[in-house]
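Some notes on the structure that comes next.
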Amino acid sequence: MENLVINGVEYAPVNRNNGNRAVVVVDRGWIFAGDVERKDGRIYLSRAVWVFRWESVGFAAVVADPSNADIRPIDDVELPEVSEIFSIPVNESWGL
């Protein structure tokens, strides 16, 4: 988002998510989170976790508070970029 000027005052967006951690939803229903690096058509997730399942809340509630889900540690993940459905930036300790 670009800066916004209202009544002569310039406002800049606030980045509440330090670093490059994201929840990444990929095809076939897999959901991971990790520190994201994109290179040569691949997605690399370090400090990765697997969002295994959740109940009683929607996906937005899981992103807002990962304690709402069964999150399991997993080794680093490497994915083809074309398998990504979408990703959501999250804070640097999300799911850990």
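What you see below is based on every heavy atom in this structure, not just the backbone, and it leaves out hydrogens, waters and symmetry mates.
Residues Val49 and Tyr44 are members of separate hydrophobic clusters, defined by side-chain heavy-atom contacts under 4.5 angstrom among Ile, Leu, Val, Met, Phe, Trp and Tyr.
With a 4.5 Å cut-off on side-chain heavy atoms, Asp70 and Trp54 do not count as touching. Annotation: side chain of Pro80 is in contact with side chain of Arg42 (closest heavy-atom distance under 4.5 Å). Glu81 places a side-chain heavy atom less than 4.5 Å from the side chain of Arg38. Contact of the Ser93 side chain with the Arg47 side chain is not registered, since no non-hydrogen atoms from C-beta on lie closer than 4.5 Å.
For the atom pair CG of Asp35 and OG of Ser46, the computed distance is 4.5 Å after rounding to the nearest 0.5 Å.
Taking Glu37 as the reference, nothing meets the salt bridge (charged side-chain N to carboxylate O under 4.0 Å, His left out) condition, with sequence neighbours excluded.
Of all non-hydrogen atoms in Pro66 and Gly95, the two that sit nearest each other are CG-N, 3.8 Å. In this structure, Ala69 and Val51 approach most closely via the heavy-atom pair CB-CG1, 4.3 Å.
Ring geometry for Phe59 versus Phe86: interplanar angle over 60°, hence perpendicular rather than tilted (30 to 60°).
The backbone N or O of Val62 sits nowhere less than 3.5 Å from a side-chain atom of Asp65 that would complete a donor-acceptor pair.
Hydrophobic side-chain contacts under 4.5 Å tie Val26 into a cluster, directly or through other members, with Val24, Trp30, Phe32, Val36, Ile43, Leu45, Trp50, Phe52, Ile74, Val77, Leu79.
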